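As the structure is a computational prediction, the values presented were derived from the model and not from experiment. Chain naming here is simple, since letters A, B, ... match the order of the sequence lines and numbering starts at 1 in each.
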Amino acid sequence: MSRSITYIEAISEGLREELKRDPSVFLLGEDIGAYGGAFKVTKGFTEEFGEERIIDTVLGEAAIIGAASGAALVGMRPVAEMQFSDFVTNGFNQLVNITGKYHYRNFVPIPLVIRLPSGGGIKGGPFHSTNPEAWFFHAPGLKLVAPSTPYDAKGLIKAAIRDPNPVLYFEHKFLYRHSKGEVPEQEYTVEIGKADCKRQGSDISVITYGTGVHWALEAAERLEQEGTSVEVIDLRTLLPLDTRSILDSVKKTGKVLIVHEDTLTGGIGGEIAAIVSEHAFSNLDAPIRRVAALDTPVPYAPTLEEYFLPNTEKVYKALKSLAEY
Amino acid sequence: MPATKTTSKQKKSAAAAAADSMHLNSGLKSDELLRLYSYMVQMREFEDSILRLYQQGKIVGGAYSGHGNEATAVGSAFALTKDDYLFPMHRDMGAHIVKGQSVLNLMLQHLGRDTSLTRGRDGTGHYSDPKLKIYGNISHLGAMVPVACGAALASKMRNERAVAMTYIGDGGASIGEVHEALCMASVMKLPLILIIENNQFAYSTPTSKQFIVDKLSKRAIGYGIPGITVDGTDVMEVYRVAKEAVARGRKGDGPTIIESVTMRMHGHAAHDNAWYVPKQLFAEWRKKDPIARFETLLMSEGVLSSAKRDSMREGIVDELESAMKTALERPYPGGEEAAKGVFQE
């Protein structure tokens with residue numbers, strides 16, 4: 001049995017189920033208690049689980065992340081919310097120097113989840129729209145996941161909480177209420193480290209995640225009518241990368257478009273391009289192409305933000321040029 | 001109740017105070033007093049061994065010493081039980097030892113050998129030993145204070161009545177993470193004890209360039225928590241205020257800041273000869289050497305004899321020599337080990 005729910009409902013459901021399943025799971029963050037969180041992911045949680053487990057913290061991302069690390073080290077399973085992913089920079093030292101390096105240095109599990117409401121398209125401007133995943137992609141010891149659908153959102157939050165390692169969970173704010181889909185009523189998780197083929201195709205592979213999946217699927221639909229078959233690989237986990245799924249798809253199609261909403265230079269797309277050229281160069285029939293945001297801060301005015309962000313049209317054009325190559 | 005007070009006798013000159021300010025008023029039994037003494041001697045002997053190994057080129061990285069900090073490290077950790085969480089800093093080798101760490105493990109850590117607690121991935125006191133509830137610092141000072149806060153939070157959530165004790169220096173106290181952690185710990189009434197080791201210098205920077213408040217414990221007023229300044233060369237005084245802070249934590253009365261005033265008698269690390277410290281300052285503080293002061297008192301009170309002192313020291317040195325020999329015989333880990341263990345499988 002399944003029913004259609006939104007991406008944000010799927011996250012809430014996953015959190016609720018894990019809170020019920022495991023008494024060592026608890027939530028901490030700014031305004032997540034009675035207020036229910038800036039985006040209402042934790043609405044009603046205090047009533048259900050009590051303020052001891054749904055902890056409204058002081059405003060301080062280093063304290064939140066640090067406290068999550070400390071509690072995780074001594075056997076708890078904290079899930080910390082960054083109100084906006086942008087603010088994770090205030091806790092950057094904690095994540096890259098303590099959390100990420102802990103297991104490697106000490107062989108001690110540090111099971112925590114940081115939820116990071118990310119991304120643009122909400123007129124949030126330079127400080128409420130960031131996609132910060134690439135900063136952490138380069139920092140060893142942190143797993144990164146970025147779901148694109150309600151099914152993956154729920155399955156990945158549950159898997160993240162159960163993982164013995166720190167997991168950064170990038171949840172896309174635009175998808176919160178724009179993405180709706182079938183989610184089973186029965187228990188399931190989505191394995192961390194496994195990409196998902198969201199659409200099978202034979203001519204071009206799109207390697208993407210998050211909002212990029214939706215742009216790619218819409219563009220693929222249009223190209224289908226024009227006789228080009230596009231495959232869409234949703235990475236779901238950004239670290240550790242599912243290189244096998246990427247390479248299998250590229251070897252099948254011979255053409256690759258990498259799409260992400262994050263800015264282009266130093267983005268995860270660069271690493272994917274390197275992997276493809278190292279391991280599938282002889283399979284390529286066209287240069288690897290990338291569609292990503294401009295290398296600027298995220299601008300505020302609607303016209304500027306629209307120009308800045310990738311979208312279905314930009315993905316379509318890139319696919320079209322690859323099809324014609 | 002927020003309060004800032006001075007329990008030390010620092011109004012007198014340091015030299016005069018050193019001679020007469022200590023009393024056996026701590027309520028400790030003589031075997032406990034001897035243990036305090038022994039731990040301090042152990043810390044100094046250990047660190048002297050490390051400095052010798054550094055001079056011989058056998059320590060591949062930096063070597064730090066807590067000369068002058070023995071009473072602070074030992075007296076504070078002595079107030080903990082095995083169930084409490086210890087987050088020590090780099091001048092707190094004595095705290096590791098009090099909490100049950102073996103000198104062999106500490107030696108292996110400093111030498112980066114294959115069987116060290118971090119299997120050579122990190123050095124010095126940068127290790128974690130969950131069995132002993134020791135969670136060592138990282139080089140970014142202040143960063144462990146929020147982490148200690150998290151252990152205190154877990155303790156509170158699970159009704160453990162265990163406290164988390166951590167340390168920062170007069171320099172590290174300027175780091176923002178310390179402030180965030182104290183804001184969190186105070187409003188949540190977490191059993192966190194922060195010992196500020198005011199040892200007069202942050203690397204080469206004197207306290208006059210670090211803060212302008214006369215006592216760092218006064219910062220506690222801003223958090224609405226108790227703040228106490230203590231003579232950091234008096235091991236019983238450090239123990240006494242730490243024990244009170246631990247009791248407050250266990251009762252659910254929240255965190256405490258203890259400023260322990262002492263002197264860093266060596267440079268920042270073994271490479272640094274501390275030329276920037278006025279010689280007179282070293283001379284004054286040398287009169288208040290935490291171990292010599294305590295030893296004089298214990299001998300004058302008949303708790304320690306010179307024969308007992310010599311046999312204790314001999315036992316400590318023998319154990320150290322044996323640990324050093326064992327550790328030096330261990331190899332470095334195989335290079336390929338570097339690729340493993342980023343994640344728990």
Side-chain angles (χ1 to χ4, degrees), chain A residues 23-24 26 28 50-53 55-78 80 90-112 139-143 163-167 192-193 239-240, chain B residues 85 87 116-123 126-131 133-140 142-160 162 164 166 175-188 190 192 338-345:
Chain A
S24 67
F26 73 98
L28 72 165
E51 58 186 21
E52 295 77 18
R53 289 180 77 196
I55 299 173
D56 270 330
T57 65
V58 293
L59 200 165
E61 285 74 17
I64 294 168
I65 295 168
S69 286
L73 284 178
V74 303
M76 301 294 284
R77 288 190 177 260
N90 291 344
F92 194 77
N93 184 40
Q94 286 291 324
L95 277 176
V96 304
N97 280 314
I98 293 184
T99 320
K101 292 177 183 170
Y102 217 88
H103 188 269
Y104 184 77
R105 298 188 309 118
N106 299 295
F107 309 95
V108 174
I110 180 159
L112 63 95
L142 304 167
K143 293 190 175 180
D163 200 284
N165 297 288
V167 181
I192 292 176
L239 205 83
Chain B
Y85 301 97
F87 292 76
S116 77
L117 285 158
T118 60
R119 300 184 212 165
R121 277 125 188 261
D122 207 340
H126 291 194
Y127 70 86
S128 194
D129 193 343
K131 283 193 305 298
K133 302 201 173 181
I134 299 173
Y135 302 89
N137 63 300
I138 68 163
S139 301
H140 297 60
M144 287 310 276
V145 185
V147 183
C149 208
L153 172 62
S155 166
K156 188 183 178 193
M157 292 178 82
R158 297 187 295 216
N159 285 317
E160 291 175 8
T166 190
I175 297 278
E177 284 158 300
V178 178
H179 172 65
E180 285 193 26
L182 287 167
C183 287
M184 178 178 272
S186 56
V187 295
M188 296 175 80
L190 300 180
L192 179 78
K340 299 172 190 166
V342 169
F343 292 115
Q344 171 143 321
E345 299 301 324

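Contacts between H179(B) and chain A at a heavy-atom distance below 4.5 Å are absent for every atom of the residue. Contacts of A162(B) with chain A are absent, with no heavy-atom separation under 4.5 Å from either backbone or side chain. Residue F87(B): no heavy atom, backbone or side chain, is found under 4.5 Å from chain A. In this structure, chain A has a heavy atom under 4.5 Å from the side chain of M157(B), while its backbone stays farther away. With a threshold of 4.5 angstrom between heavy atoms, K143(A) approaches chain B through its backbone and through its side chain. With a 4.5 angstrom heavy-atom cutoff, Q94(A) touches chain B via backbone and side-chain atoms both. Only the side chain of N165(A) comes within contact range of chain B, with heavy atoms under 4.5 Å apart. Proximity to chain B (any heavy atom under 4.5 Å) is shown, for I65(A), by neither the backbone nor the side chain. In this structure, the portion of M188(B) lying under 4.5 Å from any heavy atom of chain A is its side chain and not its backbone. K133(B) does not touch chain A: none of its heavy atoms, backbone or side chain, sits under 4.5 Å away.
Residue V178(B) comes nearest to G142(B) through the heavy atom pair CG2-CA, 3.7 Å, listed as atom of the first residue, atom of the second, then distance. Nearest heavy atom pair, residue P140(A) against residue V342(B), reads C-CG1, 4.1 Å. When all heavy atoms of S24(A) and G75(A) are compared, the closest pair comes out as CB-O, 3.9 Å. When every heavy atom of I138(B) is checked against every heavy atom of A143(B), the shortest pair comes out as CD1-CB, 4.0 Å. Minimum heavy-atom separation, Y102(A) to S128(B): OH-OG, 3.1 Å.
Across K101(A), R53(A), E61(A), H103(A), the residue that shares the most heavy-atom pairs under 4.5 angstrom with chain B is H103(A). Ranked by heavy-atom pairs under 4.5 Å with chain A, the list K156(B), H126(B), R119(B) is led by R119(B). Ranked by heavy-atom pairs under 4.5 Å with chain B, the first of I110(A), I98(A), V108(A) is I98(A).
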Distance-only check: which donor-acceptor pairs under 3.5 Å involve side-chain atoms of residues 147-154 of chain B, not counting sequence neighbours?
none

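At least one side-chain heavy atom of T118(B) sits under 4.5 Å from a side-chain heavy atom of N106(A).
In this structure, the side chain of R77(A) does not engage the main chain of P23(A) through any donor-acceptor pair within 3.5 Å. E180(B) contributes a side-chain N or O that, together with a main-chain N or O of A63(A), makes up a donor-acceptor pair within less than 3.5 Å.
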